[in-house]
**Student:** 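This is the structure I have questions about; it appears just below.
All of these numbers come straight from a predicted model, not from anything done at the bench. Counting from 1, the numbers follow the sequence of the chain as shown. Atoms within a ligand are numbered from 1 in the order they appear, just like the ligands themselves.
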Amino acid sequence: MPTVGILGGGQLARMMALAGAPLGLRFLVLDTVADACAGQFAPMVVGDYTDPAALAEFASRIDVATFDFENVPAESAEWLSGRLPVFPGPRALATAQDRLAEKTLFCDLGIPVPPFAAIDTLAQLREAVATIGTPCILKTRRLGYDGKGQFRIKTPADIEAAWNALGSQAERVGLILEGFVAFQRELSVVAVRGRDGEFRAWPLTENWHVDGVLSASLAPAPVDDALRDTALAHARKLAEALDYVGVFALELFCRDGELLANEMAPRVHNSGHWTIEGSETSQFQNHLRAVLGMPLGDTRSVGHACMLNWIGAMPDAGPVLREAGGHWHDYGKQPRDGRKVGHATLRADAPAELAAALRRVGEALDRQAQVAPVIERLA
Ligand code: AMP
């Protein structure tokens, strides 16, 4: 039975290991800390991702390598791919790690994006703000996630403050300025591409963020067929251009019926957690099937699902566990401010039923604000 090596031992690796167990797969996780939460289900190598000895031991004990985070050092991905199959491949990783490379590729593929400009100096920032207009967002090109490494420029008077906040990182990680999109909705496509090029996408997901961090996801997103087809076509084009293998997510803003691409995540994605109970095959199992060259599973949804993220600390499990379609995921992490420690998925056969379950859970856990936009969408 093959052993899958996962770089990174967070909740994504943990859910991958859980999804791979019925397939008889074995796992080995490489992480910098011994208490990484995937280590509760899989043996670990503890070491730095660039440590040659740790990488060598990891590589010697696995048949194929994949990742649970995108900021894998490029040299480590390259080193591994010289020794064994690595999916997604280093080129896809390199593109998705850099917001500028990613947006440039979107443009080349005819996928609409907000206006953007590369920024290296304060003078360039002033010039780009004048061209793009306000409001806009200054972001680090690399190593940003969950809204970190971002500064919103509401008026030109904020330029100095934005530069003071992020300018010192211009040399190390690069900066990009993006026009602010006054979107009505945020959507994501979670999709999978096999080693043989077979492409499958789950129904579109609608997402709500709080302070740049995902708070809730609803699937299937109530959108018209034309919008769904456009989103799926963008995702397929992207996967083919990168010769992508595995699961990925494409995050989209929807403004006045138009889709603008924000970013891609070259891995299983938080907005796809609902697929564990809400679809025929979960994103985690299909990712494993893809990287191992196994037949891909059906991505159709089973009813209507809403995922609620638990950030900082786990709430009381009771109200979710008492729901007929309630599913609980505790990642086994220590509570910490801003940390994703778990999620719940509520599943129901009809939208009104899902809305009623969300209302009950929201009230019982005093999370009315978290469930309110989803209930409104289901109305
Ligand atoms: P990101 O790290 O790029 O995924 O950004 C995190 C969240 O910040 C997004 O999901 C949006 O809610 C918001 N955001 C990021 N970029 C933009 C933009 N150009 N316009 C409007 N909102 C944005």
**Student:** Would you call the rings of Phe199 and Phe248 parallel, tilted or perpendicular, where under 30° means parallel and over 60° means perpendicular?
**Tutor:**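 Correct class here is tilted.
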
**Student:** Relative to atom 22 (N) of ligand 1, which among Phe183, Trp208, Phe116 owns the nearest non-hydrogen atom?
**Tutor:**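 It is Phe183 that holds the nearest heavy atom.
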
**Student:** Tell me which part of Arg152 gets within contact of ligand 1: side chain, backbone, both or neither, using heavy atoms under 4.0 Å.
**Tutor:**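 Answer for Arg152: side chain.
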
**Student:** Is it the case that ligand 1 has an N or O less than 3.5 angstrom from some N or O of Phe253?
**Tutor:**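 Looking only at distances, the answer is no, because the N/O contact criterion of under 3.5 Å is not met.
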
**Student:** Would you please indicate yes or no on a ring centroid separation below 6.0 angstrom for Tyr49 and Phe69?
**Tutor:**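 They qualify: ring centres under 6.0 Å apart.
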
**Student:** Pro156 versus Arg126: any side-chain heavy-atom pair under 4.5 Å?
**Tutor:**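 No. Closest side-chain heavy atoms not under 4.5 Å.
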
**Student:** What pairs with Asn164 under side-chain hydrogen bond (donor to acceptor under 3.5 Å, both in side chains), at least two apart in sequence or on another chain?
**Tutor:**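 Partners of Asn164 under the side-chain hydrogen bond (donor to acceptor under 3.5 Å, both in side chains) test: none.
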
**Student:** Within the 4.0 Å heavy-atom shell around Glu251, which atoms of ligand 1 are there?
**Tutor:**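 Answer for ligand 1: 4 (O).
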
**Student:** Between Tyr331 and His343, is the ring centre distance below 6.0 Å?
**Tutor:**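 Here the rings of His343 and Tyr331 have centres that are less than 6.0 Å from each other.
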
**Student:** So Arg14 and Val29, side chain to side chain contact (heavy atoms under 4.5 Å, CB included) or not? Walk me through it.
**Tutor:** CA-CA 9 Å; Arg14 177 183 169 111; Val29 169; over 6 Å; no

**Student:** Using a strict 4.0 Å cut-off to heavy atoms of His209, name the atoms of ligand 1 that fall inside it.
**Tutor:**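 It comes down to these atoms of ligand 1: 10 (O).
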
**Student:** Can you list the atoms of ligand 1 that are under 4.0 Å from a heavy atom of Glu186?
**Tutor:**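 Reading through ligand 1 atom by atom, the close ones are 9 (C), 10 (O), 11 (C), 12 (O).
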
**Student:** Is the shortest side-chain heavy-atom distance between Leu259 and Cys254 below 4.5 Å?
**Tutor:**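 Side-chain contact under 4.5 Å: yes.
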
**Student:** For ligand 1, find out whether one of its N or O atoms is nearer than 3.5 Å to an N or O atom of Ile137.
**Tutor:**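 By distance alone, the answer is no.
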
**Student:** Ignoring hydrogens, just give me the one of Gly179, Gly212, Pro135 whose non-hydrogen atom is nearest atom 19 (N) of ligand 1.
**Tutor:**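 Result: the heavy atom closest to atom 19 (N) of ligand 1 is in Gly179.
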
**Student:** For ligand 1, indicate whether the residue Asn262 contacts it via side chain, backbone, both or neither (heavy-atom separation under 4.0 Å).
**Tutor:**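 Side chain only; the backbone of Asn262 stays clear of ligand 1.
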
**Student:** Look at atom 20 (N) of ligand 1 and find which of Val181, Leu260, Val213 reaches it with the closest heavy atom.
**Tutor:**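 Nearest heavy atom to atom 20 (N) of ligand 1 lies in Val181.
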
